[in-house]
Amino acid sequence: MSHEPDVNAKLSSKSIDSMLSWRKRLGGIRGDFEKSGFCLPSMEMRYIESLRSRGEDERELEFYLDEITRESFNLPRGIWNVDARKVLPLHLRSSYIDLLQAKIDSKSLVLPVGSPIHKIIDVNYFIYSRLAIDANDRWKKYISDVKLQKKREIDKFNKKIAHFSPRCMDLTAINATRLIISIANELGVECCLVEKGENCRVVLRSMITDELYAYFEWSDPVVLRKWGALQISVMVQESDLPIWAPNQFRAWPYVASLGGMAPGIDWYAWRNEDWDSVVLGVLANIEFFKLCFPVCKNEDKI
């Protein structure tokens with residue numbers, strides 16, 4: 001019997017309704033995240049909006065991303081792109097995304113480069129995605145601003161970071177996983193460490209409804225050790241399989257990106273060259289996950 005994940009797995013209509021209800025809270029979640037002191041996502045969205053003046057029919061990036069999220073709930077595994085959305089019936093498609101696509105097709109909304117657009121049809125967001133290529137000096141200036149903001153936030157959360165930071169330890173996979181678990185436990189989020197040989201992953205879980213669960217997984221400690229990156233994915237499914245169950249026994253109907261929910265949050269996972277930066281990154285990602293989904297009340301016996 002094969003246990004490969006079903007690439008065509010989709011959420012049920014009941015779960016989609018639950019996710020749509022959750023989506024309506026995203027704007028408030030982003031605002032609460034900034035109020036709690038994590039400002040990189042709001043800084044990023046303001047920067048993207050500043051790249052060009054929008055046309056009369058265009059909406060801000062936040063609205064565009066929420067419409068993409070809404071459409072993705074109805075697509076296999078939540079994977080959205082221009083071609084994938086074509087299978088959606090009219091009543092499940094975003095009229096705003098349709099409008100942007102029609103403007104691009106008719107050339108009334110001109111892309112800054114001639115290459116075909118596949119995953120991004122918001123012009124400001126597209127310009128941002130190519131800044132490192134098309135405007136490298138401007139990109140370097142923005143990177144400097146990101147580094148400065150991360151430093152400010154490390155200073156702001158200094159006491160909390162010092163509480164968690166194993167500053168005298170080497171940045172190893174097991175020390176990093178222990179750090180993530182200790183932060184999750186203190187923040188009241190259900191978690192577990194899954195070890196298999198030299199590989200390990202940390203899984204956090206929360207309930208969206210009694211039948212719908214969100215999983216937050218960090219599964220590549222080598223990347224953190226080599227490049228300071230926290231590679232994190234968020235998955236949603238309608239089964240309460242034990243939190244430690246291997247991925248190959250799951251058919252994820254929805255795989256989400258934290259960056260799609262809050263552009264700029266990925267900077268917390270970027271080039272963390274010391275323990276204080278790693279702690280800030282873990283705190284930011286778990287706090288955002290906790291804001292998105294209520295803390296799971298069930299406890300698995302591990």
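Every value quoted in this text rests on a predicted model; they were computed, and no experiment measured them.
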Any chance you could measure I133, atom CD1, to R130, atom CZ, to the nearest 0.5 Å? 4.5 Å
Could you go through the salt bridge (Lys or Arg N to Asp or Glu O under 4.0 Å) check for R54 and E49 one step at a time? CA-CA 8 Å; R54 292 192 176 274; E49 290 301 315; 2.8 Å; yes
Is D98 salt-bridged to R85, cutoff N-O under 4.0 Å? yes
Inspect the contact between E62 and R30 and indicate whether a charged nitrogen and a carboxylate oxygen are less than 4.0 angstrom apart. yes
Side chain to side chain contact (heavy atoms under 4.5 Å, CB included) for D105 and Q101? Distances and angles first, verdict last. CA-CA 6 Å; D105 292 344; Q101 186 65 62; 3.0 Å; yes
For residues R93 and E67, determine if any side-chain heavy atom of one lies less than 4.5 Å from a side-chain heavy atom of the other. no
Check whether any side-chain heavy atom of V146 sits under 4.5 Å from a side-chain heavy atom of M43, and report yes or no. yes
Are S277 and D274 linked by a side-chain donor-acceptor pair shorter than 3.5 Å? yes
Would you say the side chain of E44 lies within less than 4.5 Å of the side chain of L40, judging by non-hydrogen atoms? no
Between Y64 and Y96, is the ring centroid distance below 6.0 Å? no
So, do K119 and Y125 sit near enough that their side-chain heavy atoms are less than 4.5 Å apart? no
Output the distance between atom CG (L280) and atom CD1 (I161), rounded to the nearest 0.5 Å. 5.0 Å
What distance separates S50 OG from N124 CG, expressed to the nearest 0.5 Å? 8.5 Å
Worked check of salt bridge (Lys or Arg N to Asp or Glu O under 4.0 Å) between R152 and D155: CA-CA 5 Å; R152 290 192 189 109; D155 292 341; over 6 Å; no
Under a plain distance cut-off of 3.5 Å, with no hydrogens placed, do D145 and Q149 share a side-chain donor-acceptor pair? no
Contact between V279 and N272 at the side-chain level, heavy atoms closer than 4.5 Å - yes or no? no
Using a 4.5 Å cut-off on heavy atoms from C-beta on, say whether the side chain of I121 contacts that of F126. no
Measure the spacing between CD1 of I97 and CH2 of W80 and express it to the nearest 0.5 Å. 5.5 Å
Measuring centre to centre across the rings, with the benzene-like ring taken for any Trp, is Y268 within less than 6.0 Å of F288? no
Between I180 and C191, is any pair of side-chain heavy atoms under 4.5 Å apart? no
What's the separation between atom CG in L51 and atom CG in L131, rounded to the nearest 0.5 Å? 5.5 Å
Proximity of Y128 and W139 rings by center, below 6.0 Å: yes
If hydrophobic clusters are built from ILVMFWY residues whose side chains come within less than 4.5 Å, do M19 and I79 share one? no
